[in-house]
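Proteins get letters first, then strands, A, B, ... in listed order; numbering begins at 1 in each. Note that these values count all heavy atoms, side chains included, but never hydrogens, waters or copies made by symmetry.
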There are 2 protein chains.
Amino acid sequence: MDAIPVRPARIQDVAAAAGVSVSTVSNVLNRPERVNARTAERVRDAVAALDYVPHPGAAGLRTGHSSSIGLVLPDVTNSFYARIARGAAGAAYDHGYSLVLCDSGDEPEREQGYFTMLVEQRAVGAVVVPLSADPTRLNRLRERGIPLVLADRAMPAQDGCSVSVDDIAGGRIAVQHLLDCGARDILVVNGERSIRQCADRYQGARQAVRTRREARLGQVVAEEMTVAYGMEIARRLDDLPDGAFCTNDFLAAGLCRGLAERGVKVPEDVQVVGYGDLDIASFVGTTLTTVRQPVEDLGRAAVEMLLDEVEARAEHAHEARVFAPGLVLRDSTRSLAGV
Amino acid sequence: MDAIPVRPARIQDVAAAAGVSVSTVSNVLNRPERVNARTAERVRDAVAALDYVPHPGAAGLRTGHSSSIGLVLPDVTNSFYARIARGAAGAAYDHGYSLVLCDSGDEPEREQGYFTMLVEQRAVGAVVVPLSADPTRLNRLRERGIPLVLADRAMPAQDGCSVSVDDIAGGRIAVQHLLDCGARDILVVNGERSIRQCADRYQGARQAVRTRREARLGQVVAEEMTVAYGMEIARRLDDLPDGAFCTNDFLAAGLCRGLAERGVKVPEDVQVVGYGDLDIASFVGTTLTTVRQPVEDLGRAAVEMLLDEVEARAEHAHEARVFAPGLVLRDSTRSLAGV
DNA sequence: ATGAAAGCGCTAACAT
DNA sequence: ATGTTAGCGCTTTCAT
């Protein structure tokens, strides 16, 4: 049942079949305007007849450009990175590039190995979510002149492009929404302060609260950002707030559940906003109002900025693009009429 | 701050630096045994000094083999596929191949477009999770002689390799476990019968129940396999079973929660087994006993079978590899002592 | 054990 | 408007 591996047609075969030279065929394919319409027609027929498919590898050898870009990330299994991958893959596809998936599995040596692989392949560039904040390892790529875009990690713009989501804004809109919904005693259920995202989201929350004199903001820190810890926190709460901002959706789901166990109703008694728009946010019993991060856009933009750098080269200006998060309204909060 | 894009060293540069011919350099790199140890040493020094990195694209042009394999799947964002991707990426890396991520986004034309791209790139093969059961579209690859391995979808072994998980066995071990834990009145909380996986898992459940004369098996079908529907089912249940097998973890999580609302205790009153070992299974309040599918192994094996076909060619025998699911014991069931 | 040379499939000057 | 031709960087006979 195996097909006979037919030797693929080459450009010469097409040229012969169309009765023209190889360069004409090449022109038809790459700069159609330079060639007579009728000739072009003949060539295209021959292409179709022979099912000719150009070999970009050979072309790249000649032109010096390959057509693959690397995507280096810690773990595709993490839905955040998976979404980046999806966005990046889409953008790459649209622009005719292929995306090489480099899953470093949280291992620095493997990440390094992938960098080497990308150098070998003469990848035109790479989108990378680096394992460590220390950018030294990236030099392997840099010194080879391979453009790169950092994702989910800002970088001084003079050093290169980067894309990330504004977590301060995210915290702010989350709490602003709670305020808009009438909450005044707001609790931030946060992860460890040392996590930059957590610190930023809290800072945003503070900014929002400052705009309302009568509003108060409290904070409780969960050891881990899981459903179980969210539940635990709900159980231990002495004074119930009327609004809770959980810095991720697992905590939020757990909190909702823990409150339900105590007979506290969401959103009637406590309104809850989560963060991340993970699957769980919409699956949970009381669906979660949450902050959505445009993660796919992150991936898409990263690739596009990369290609701009690749194609524009000289005129390209590095950019640290920061995306705005958005609010997804669901059942765990109750917008006041007219808001 | 941009590095000066240094023109990469070529094999000629190395040859010159080492005072040998290019073919010797090539031999040192590819068939070291053919070259004098001392010469090899000199060459290797030159390679290091110039930071020479071979260009597999150029090599491939000569040898006819590329070093990239395609991974075509409907959506990396789906954790099942993401896990396949992770396994595949690891295997590809270990074997020195690069993995091209082709996320078809559930769109047939895009899937087709990726097939064309893989043909262009002369990919050595592809691992594909096809969008439709209809394999016609795969012919684009087949007729070009590009070996492929189907993932998560069995295929008659004479047509090619495939890897999948045995859902019947999965259903069987899930229910067998409930029986072992003392449950006798077992309810299957299933998804639509038309979904092959659901049908298979139920069939496995039946097999298990048949081994115990006194055991009974019921079934209820959820419209969607979500937490919300799981909860709904728990609320509507008239006669409580003493064991429940939910054919995915969302249903299981919802069921647990719905039962809790009614004051029914898991696992004391009802023991619950889920399926899939999604993140949610371990995050939920009562952690779920569930059936784990070795999804990463699926991806890994797919790539390895592919490379066997690529490298062995003649002696390669197609194989429909079926993986066994396993049970993950957590809090929602209570193994009897000694079991 | 080593080297010379012929391509792999394509593009891009340069000619015509 | 079309054709001729010289490589891109590498592997691989075939000589030496």
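- The nearest pair of heavy atoms linking A/Leu73 to A/Tyr81 is CD2-O, 3.8 Å.
- Under a 3.5 Å cut-off, the side chain of A/Ser66 and the backbone N or O of A/Arg122 do form a donor-acceptor pair.
- One finds the OG atom of B/Ser23 at 8.5 Å from the CD1 atom of B/Ile11 (value rounded to the nearest 0.5 Å).
- Taking a 4.0 Å limit (strictly below) on heavy-atom distances, residues 36-47 of chain B reaches DNA chain C at B/Asn36, B/Thr39.
- Pairing each heavy atom of A/Asp103 with each of B/Ala89, the nearest pair is CB-CB, 4.2 Å.
- The shortest distance between side-chain heavy atoms of A/Asp106 and A/Leu131 falls below 4.5 Å.
- Considering A/Glu319, A/His316, A/Glu304 in turn, A/His316 is the only one that fulfils the side chain to side chain contact (heavy atoms under 4.5 Å, CB included) rule with A/Glu309.
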**Complete:** Quick tally for nucleotides 7-16 of chain D: nucleotides whose base has a protein heavy atom under 4.0 Å get B, sugar-phosphate-only ones S, the rest -, giving BBBBBB----
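- Between A/Asp51 and B/Arg140 there is a salt bridge, since at least one side-chain N of the basic residue sits less than 4.0 Å from a carboxylate O of the acidic one.
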